Engineer: 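Can you keep this structure in mind? I'll have questions shortly.
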Amino acid sequence: MLNQSKHYDIVIAGAGFAGALTALILKECGFNICLIEKGKHPRFAIGESSTPIADMILRSLSSKYNLPWLYDFSRYGSWQKAHPEIVCGIKRGFSYYKHYPGKEFSTDDHHINELLVAASVSDELSDTNWLRSDIDAFLVSKVKEAGIDYFDETEITLAIRKNSKWEIAANGNGDDQTMHASFFIDATGSGMLADKLFSVKSSAENFLTDSFAVFSHFDDLPRWTDILHQKNIATSGYPYNADNSALHHVLDEGWIWALRFNNNRTSWGFALNGGNVSLQKMQTQEVWDWIRAKYPDIDFILKDAKFSAQPGRIIRSGRLQRKLQTCFGDGWLAMPHTVGFVDPLFSTGIAYSLAGIERIIKMLTENRNFEQPLYEQLKEYENIVFEELKLIDLLVAGCYKTMGHFQLFSAWSMLYFTFTIMYEQKRLKNLPVKYFLEADKTEVQQMTYSTYKDLFKLTQQKTISQVDIDAFTDSVREKIKPYNIAGLMEPSFKNMYHHTVAVL
């Protein structure tokens, strides 16, 4: 039951991991917090792949804001020791396999259709795949343990701003209730609440990427490395077991994510090119069946697939790309994943949300009275978030343009790994970081835009020759050279990168 006479410093809507963690940190910083959740935990969610950047931020938040238990979730080994009951998976790096229509997967000694990029040196120090229903529910238990007022199955219906205060109407368990707050944070992860409360629209306009997803969770799917062994494809030169990674199957129409957890569950989804009109016209099951019929090894993996209890069905998204018109207003702000989203390729979601938490906590703790200086910082926050989304959009859009030419895909994707190196190295040196993936750096912007321009021109050609592909590859290799401390694109490595980008 909401306490209608109680006044909160900040009300947060949305109890996913970002909203719950923000509530916990703000409470540690001395704010009086209320967290409201429309649904109920545990609940199904995707956005499950962590990265070294996410792990670095988790450790930083843990030490800076007196949350020692949070540190355990920054590595697979410490997670298993501290909370083996919270399901996760080993994520040693990024793995990509190119499939061609009507053909079984094949490769050669140069790994022509494979790309593996290690992100950690061992399973113990590995990143993780998060079973979001488990970790999100755990964080909410920590919210309750911290004495933060938490209300689930409660929908915010109206927010009125009077005299620099919010009067927020909500409905929980059939009861209409009211609460008061000085500030409001939208951590819902979509644009729907901002539209309803503040008439701030969300749009897919100006995105280069156009994709949608068809996905679910399955139990006991065959392991990809076992299938490779059945084909007599050697994996002895791999930097890690590819099933213990963010595993991507690259198709002509898009790509597949396969994220394994340590309870025999796999998150599996197709992220498909929204510009493919014939795919868009198909029903959900038709899309699923059509991809299976076109790619023999994908069909083999899914032929005996059993749904996990959650969600127990195939889910289809609308267009994934979205961005709010603005990130903030009088007395409110939206967290980055609420502001916008591009596509799950490159696993930016968790790290990006955590980087946003860092930035938001800093702004609010520096402006506890929520007066004018905060809004000057919020304007800068908006510029930062929009620039970051623009960079992620470019990086992902380039990948979709290269899905049919794996050497181009591999070369283009090295921009992302290069920017990751730059960002991680800066954090490791304890230098201030402002933009995710160094999105504000002139050299990052120039590198991305000039390379995308070259790529766009190349992919517009009727035929793309091997000479064209090699020239583009050499061009990317030369551009990343000043920042490439991990041997990316070194021909002798043959698409197998054994060394972690950052020793964490």
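Just so it is clear, the model here is predicted, and its values are computed rather than measured.
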Engineer: Looking just at side-chain N and O atoms, do Thr154 and Glu37 make a donor-acceptor pair shorter than 3.5 Å?
Structural biologist: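 There is no such pair between these side chains.
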Engineer: With sequence neighbours left out, write down each residue that passes ring-ring contact (aromatic ring centres under 6.0 Å, His included) with Phe73, or none if nothing qualifies.
Structural biologist: Trp79, His83, Phe138
Engineer: Distance only, no hydrogens: is a donor on one side chain within 3.5 Å (strictly under) of an acceptor on the other, for Tyr76 and Asp123?
Structural biologist: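 Short answer, no.
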Engineer: Ion pair present between Arg427 and Glu424, side-chain N to carboxylate O less than 4.0 angstrom?
Structural biologist: no
Engineer: Looking at His498 and Val117, would you say the former's side chain and the latter's main chain have a donor-acceptor pair under 3.5 Å?
Structural biologist: no
Engineer: Are a donor atom and an acceptor atom from the side chains of Ser50 and Asn129 found within less than 3.5 Å of each other?
Structural biologist: no
Engineer: Spell out, as yes or no, whether a donor-acceptor pair under 3.5 Å connects the side chain of Thr157 to the backbone of Ala169.
Structural biologist: yes
Engineer: Between Trp332 and Phe198, is the ring centroid distance below 6.0 Å?
Structural biologist: yes
Engineer: NZ of Lys426: more than 12 outside heavy atoms within 6.0 angstrom?
Structural biologist: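 Atom NZ in Lys426 is packed in, count exceeds 12.
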Engineer: Check side-chain contact (heavy atoms from CB on, under 4.5 Å) between Asn264 and all other residues, then give those that pass, not counting sequence neighbours.
Structural biologist: Asp220
Engineer: Would you confirm whether the ring centroid of Trp255 sits within less than 6.0 angstrom of the ring centroid of Tyr96?
Structural biologist: no
Engineer: Flag this pair as yes if the NZ/CZ of Lys142 is under 6.0 angstrom from the six-membered ring centre of Trp69 and inside a 45 degree cone about the axis; otherwise no.
Structural biologist: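 Yes - Lys142 lies over the ring of Trp69, closer than 6.0 Å to its centre and within 45° of its axis.
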Engineer: Is there any salt bridge (Lys or Arg N to Asp or Glu O under 4.0 Å) pair reaching into residues 189-211, and which pairs are they, with sequence neighbours excluded?
Structural biologist: Glu155-Lys196, Asp195-Lys201, Asp210-Arg319
Engineer: Between Asn367 (side chain) and Met363 (backbone), is there a donor-acceptor pair under 3.5 Å?
Structural biologist: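 Judged by distance alone, yes, a pair lies under 3.5 Å.
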Engineer: Under the criterion ring-ring contact (aromatic ring centres under 6.0 Å, His included), which of Phe346, Phe417, Tyr497, Trp257 is the partner of Phe94?
Structural biologist: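 Among the candidates, only Phe417 passes.
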Engineer: Excluding sequence neighbours, so at least two apart, what forms side-chain contact (heavy atoms from CB on, under 4.5 Å) with Lys379?
Structural biologist: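 Counting only residues at least two positions away or on another chain, Lys379 forms a side-chain contact (heavy atoms from CB on, under 4.5 Å) with Phe328, Glu382, Asn383.
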Engineer: Side chain of Ser126, backbone of Lys91: donor and acceptor closer than 3.5 Å?
Structural biologist: yes
Engineer: Under the ring-ring contact (aromatic ring centres under 6.0 Å, His included) test, which residues partner His337, sequence neighbours left out?
Structural biologist: Phe341
Engineer: Ignoring hydrogens and angles, tell me if any N or O in the side chain of Ser78 forms a donor-acceptor pair with the backbone of Ser74 under 3.5 Å.
Structural biologist: no
Engineer: Show which side-chain atoms of residues 347-355 pair as donor or acceptor with protein atoms under 3.5 Å away, not counting sequence neighbours.
Structural biologist:
unit_1 : atom_1 : unit_2 : atom_2 : d
Ser347 : OG     : Ser49  : OG     : 3.0
Tyr352 : OH     : Val385 : O      : 3.4
Tyr352 : OH     : Glu388 : OE1    : 3.1
Ser353 : OG     : Gly349 : O      : 3.2

Engineer: Are any of the side-chain nitrogens in Glu366 or Lys362 under 4.0 Å away from the carboxylate oxygens of its partner?
Structural biologist: yes
Engineer: Strictly by ring-ring contact (aromatic ring centres under 6.0 Å, His included), give each pair with a member in residues 371-396 just once, sequence neighbours left out.
Structural biologist: none
Engineer: For Phe261, which residues count as a ring-ring contact (aromatic ring centres under 6.0 Å, His included) partner, sequence neighbours excluded?
Structural biologist: His217
Engineer: Tell me the salt bridge (Lys or Arg N to Asp or Glu O under 4.0 Å) pairs involving residues 254-273, sequence neighbours left out?
Structural biologist: Asp243-Arg260
Engineer: Taking the side chain from Asp134 and the backbone from Val87, do they hold a donor-acceptor pair closer than 3.5 Å?
Structural biologist: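 Yes, the answer is positive, given that a donor and an acceptor are paired below the 3.5 Å cut-off.
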Engineer: Please check this pair: side chain of Thr338 against backbone of Asp186, looking for a donor-acceptor N/O pair closer than 3.5 Å.
Structural biologist: yes
Engineer: State whether Phe31 and Arg368 meet the cation-pi test: NZ (Lys) or CZ (Arg) under 6.0 Å from the six-membered ring centroid, and within 45° of the perpendicular axis.
Structural biologist: yes
Engineer: Testing the 3.5 Å rule here: is there a donor-acceptor pair between the side chains of Arg92 and Ser120?
Structural biologist: yes
Engineer: Tell me every residue that passes side-chain contact (heavy atoms from CB on, under 4.5 Å) with Ala159, counting only those two or more places apart in sequence or in another chain.
Structural biologist: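 For Ala159, the residues satisfying side-chain contact (heavy atoms from CB on, under 4.5 Å) (neighbours in sequence not counted) are Trp166, Ile168, Leu197.
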Engineer: State which residues pass ring-ring contact (aromatic ring centres under 6.0 Å, His included) with Tyr240; sequence neighbours excluded, sorted by chain then number.
Structural biologist: none
Engineer: What residues form a side-chain contact (heavy atoms from CB on, under 4.5 Å) with Ser190, not counting sequence neighbours?
Structural biologist: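 If we apply the side-chain contact (heavy atoms from CB on, under 4.5 Å) test to Ser190, skipping adjacent residues, the hits are Thr188, Met192.
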Engineer: Would you say Gln321 and Thr209 are linked by a side-chain donor-acceptor pair, where the criterion is simply a distance under 3.5 Å?
Structural biologist: no
Engineer: Flag yes if more than 12 heavy atoms outside Lys479 fall under 6.0 Å of its NZ atom; otherwise flag no.
Structural biologist: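 Yes, enclosed.
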